[in-house]
Asker: 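Pasting a structure below so you can have a look.
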Amino acid sequence: MRLRLQLFEFEDLPWFPGVIRAGMMDYLRFMISALNTYQPIVPLLREALQATGQQRLVELGAGAGGGTEGVTLALRQYPELQQLRVTLTDLYPQPAAWQLLAQRNAPVIDFEPVPVNALAVPPGLVGFRTIFSAFHHFSPPAAEAMLADAVRQNSGIGVFEGAGKHWLEILLAWTVLPVAQLLITPFMRPFRLSRLFFTYVVPLIPLFTIWDGTVSILRMYPPAQLLELARRADPGQQFHWQAGKVRHSWGPEVTYLVGYPK
C-alpha cells in the first residue's frame with residue numbers, strides 16, 4: 001500500500017479521556033509483547049548501537065512501553081550490550097504502566113515522569129533514540145522535525161512500525177484483533193477496573209482501538225517516504241540512513257528507518 005492519509009487518531013486529541021487512552025495503550029503493549037512484534041529489528045538496533053557506542057536507549061512516544069522489554073532483553077544477550085539501559089518518555093506519560101516495567105526489569109528500564117516532546121528532546125536525555133509504533137502519529141513536517149532534532153543533537157535514531165502497511169492488516173484490525181481484545185483484556189496488567197468497564201459494559205476502548213488501528217496503517221510512512229524525510233532532515237548528509245522492512249519467520253513485517261552519525 002503506497003497510499004498515505006493524514007487522518008486523525010482519537011488518542012492524539014488533547015481532550016480525549018485519559019482512562020480510554022490508557023486502556024488502548026495497555027492493549028497495544030500486551031499484544032506487542034505477546035507477539036514479540038519487534039524481535040526482527042534487534043540485529044538492526046544492535047548494529048546501530050555498535051556504530052554509535054551507546055549503552056542507553058531513549059524511547060520517544062513510548063505509550064505503555066509495548067516494544068521495550070522484549071527488544072531490550074534480547075539486545076542485552078549480546079556481550080557488548082550487557083550494560084544497556086532504557087529510559088521511557090512520552091508527551092503523555094504512562095507512569096502506572098511504566099512502573100510495572102521498571103520494577104520487573106530494575107535497573108534496566110527507567111522513565112521520565114514529566115512530558116517529553118519528541119520534536120525537541122531535552123539535551124540531558126542522552127542516548128540512542130527509538131520510537132516504536134508511534135512515528136505515524138506525526139505529520140510530515142513534525143516527523144521531519146523529530147529526525148532533524150536527532151541530527152542537531154548528534155543522536156542516533158531508530159523508527160520502527162509494527163506493520164508492513166498492507167490492506168490485509170486493516171482487515172485484521174476490523175475482524176480478528178477486536179475478538180482478541182475481548183478475550184485478553186482480563187489478563188492485562190496493571191489491573192484496571194475502568195478497563196473492564198470500558199471494554200465490556202460501555203465498549204469504547206475496542207471501538208476507538210478499531211478506528212485508531214485502521215488509521216495507524218493508513219498514516220504509516222513506507223520506506224521510500226521515510227528516506228525522503230531523513231534526506232530533508234539531514235541536508236548536510238551527516239548521518240548514515242537506511243530504511244526498509246524486515247519479516248517475522250511467521251509472516252508479519254516491521255517497517256523501519258535507522259540513522260546514526262557517520
Side-chain angles (χ1 to χ4, degrees), residues 5 7-39 59 61-71 88 90-105 109 111 113 115 131-137 160-220 248 250-252 254:
L5 298 178
L7 304 174
F8 75 93
E9 294 183 52
F10 283 99
E11 64 181 272
D12 291 342
L13 303 175
W15 55 261
F16 192 64
V19 66
I20 308 298
R21 180 185 289 112
M24 295 165 67
M25 292 298 97
D26 287 343
Y27 166 69
L28 183 62
R29 172 177 52 81
F30 187 96
M31 292 297 289
I32 289 174
S33 299
L35 297 175
N36 287 322
T37 298
Y38 287 109
Q39 288 303 303
E59 186 170 342
T68 307
E69 188 173 31
V71 169
L88 305 176
D90 201 294
L91 190 60
Y92 302 105
Q94 301 281 337
W98 294 350
Q99 188 66 45
L100 183 69
L101 287 173
Q103 290 176 348
R104 191 162 63 212
N105 297 279
I109 297 177
F111 58 88
I131 179 164
F132 294 96
S133 303
F135 195 71
H136 63 271
H137 289 276
F160 307 106
E161 298 277 13
K165 196 173 176 67
H166 302 296
W167 291 108
L168 177 60
E169 292 164 338
I170 292 181
L171 179 62
L172 292 174
W174 281 84
T175 55
V176 176
L177 295 183
V179 175
Q181 188 171 18
L182 294 176
L183 293 175
I184 67 178
T185 290
F187 305 101
M188 295 181 194
R189 296 295 181 270
F191 176 81
R192 304 181 200 270
L193 189 60
S194 60
R195 188 195 301 127
L196 297 180
F197 180 82
F198 287 112
T199 297
Y200 299 111
V201 181
V202 182
L204 296 181
I205 292 176
L207 291 175
F208 285 125
T209 298
I210 291 172
W211 172 267
D212 279 14
T214 301
V215 171
S216 292
I217 296 170
L218 293 173
R219 292 173 81 180
M220 271 183 57
H248 274 273
W250 52 284
V254 178

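Hydrogens, waters and symmetry mates are skipped; everything else that's a heavy atom, side chains included, is used.
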Asker: Could you pull out the closest heavy-atom pair between N36 and H248, with the gap in Å?
Answerer: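 Distance-wise, the nearest heavy atoms are O-CE1, 2.8 Å.
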Asker: For the residue pair E9 and S216, what are the closest heavy atoms and their distance?
Answerer: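 Closest pair (atom of E9, atom of S216, distance): OE1-OG, 3.1 Å.
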Asker: What distance separates D26 CG from R192 CZ, expressed to the nearest 0.5 Å?
Answerer: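 Those atoms lie 4.0 Å apart.
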Asker: When rounded to the nearest 0.5 angstrom, what distance separates CG in L204 from CD1 in I20?
Answerer: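 Spacing of CG (L204) from CD1 (I20) equals 5.0 Å.
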Asker: Is any side-chain heavy atom of P93 closer than 4.5 Å to one of W98?
Answerer: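 Yes, close enough: below the 4.5 Å cut-off.
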Asker: As an exercise, state the distance from CG of L171 to CD of E169, rounded to the nearest 0.5 Å.
Answerer: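 The CG atom of L171 sits 10.5 Å away from the CD atom of E169.
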Asker: Tell me the ring-ring contact (aromatic ring centres under 6.0 Å, His included) pairs involving residues 17-38, sequence neighbours left out?
Answerer: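 Output for this query lists Y38-F132.
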Asker: Before giving the answer on side chain to side chain contact (heavy atoms under 4.5 Å, CB included), spell out for L177 and M31 the whole-Å C-alpha distance, their side-chain angles and the decisive distance to 0.1 Å.
Answerer: CA-CA 9 Å; L177 295 183; M31 292 297 289; 4.1 Å; yes
Asker: State the OG1-CG distance between T68 and L88, to the nearest 0.5 angstrom.
Answerer: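 The distance works out to 4.5 Å.
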Asker: Within the structure provided, determine whether T214 and L7 are in side-chain contact (heavy-atom separation under 4.5 Å).
Answerer: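 No; the side chains remain at least 4.5 Å from each other.
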Asker: Flag the pair E11 / M25 as yes when at least one side-chain heavy-atom distance between them is below 4.5 Å, and no otherwise.
Answerer: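 Side chain of E11 against side chain of M25, heavy atoms only: contact under 4.5 Å found.
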Asker: So which heavy atom on P115 is nearest to which on L91, and how close?
Answerer: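 Nearest pair, atom of P115 first, then L91: CB-O, 3.4 Å.
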Asker: Quick one: closest heavy-atom pair of A62 and D90, and the distance?
Answerer: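 Distance-wise, the nearest heavy atoms are N-OD2, 3.1 Å.
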Asker: Can you name the closest pair of heavy atoms from V179 and T175 and give their distance?
Answerer: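 Heavy atoms only, the tightest pair is CG2-O, 3.5 Å.
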Asker: Looking at R219 and H136, what are the two nearest heavy atoms and their distance?
Answerer: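 Shortest heavy-atom contact: NE-O, 3.4 Å.
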Asker: Rounded to the nearest 0.5 Å, how far does CG of L28 lie from OG of S133?
Answerer: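 Interatomic distance, S133 OG to L28 CG, rounded to 0.5 Å: 5.5 Å.
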Asker: Determine whether F111 and Q99 make a side-chain contact, defined as any pair of heavy atoms from C-beta on separated by less than 4.5 Å.
Answerer: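 A side-chain contact exists here, since the closest heavy-atom pair is under 4.5 Å.
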Asker: State, yes or no, whether a side-chain contact exists between Q94 and R29 at a heavy-atom distance under 4.5 Å.
Answerer: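 A side-chain contact is absent here, since even the closest heavy-atom pair is not under 4.5 Å.
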Asker: Checking E69 side chain against S33 main chain: does a donor-acceptor pair fall under 3.5 Å?
Answerer: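 Looks like no, no N/O pair under 3.5 Å.
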Asker: Which residues pass the side-chain contact (heavy atoms from CB on, under 4.5 Å) test with T185, not counting sequence neighbours?
Answerer: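 Applying side-chain contact (heavy atoms from CB on, under 4.5 Å) to T185 gives Q181, M188, R195, L196, T199, Y200.
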Asker: Apply ring pair (Phe, Tyr, Trp, His ring centres under 6.0 Å) to F8 and list each qualifying residue two or more places apart in sequence or on a separate chain.
Answerer: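 F10, W211.
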Asker: Rounded to the nearest 0.5 Å, what's the gap from CG on L172 to CD1 on I217? Could you check?
Answerer: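 Here the rounded value is 8.0 Å.
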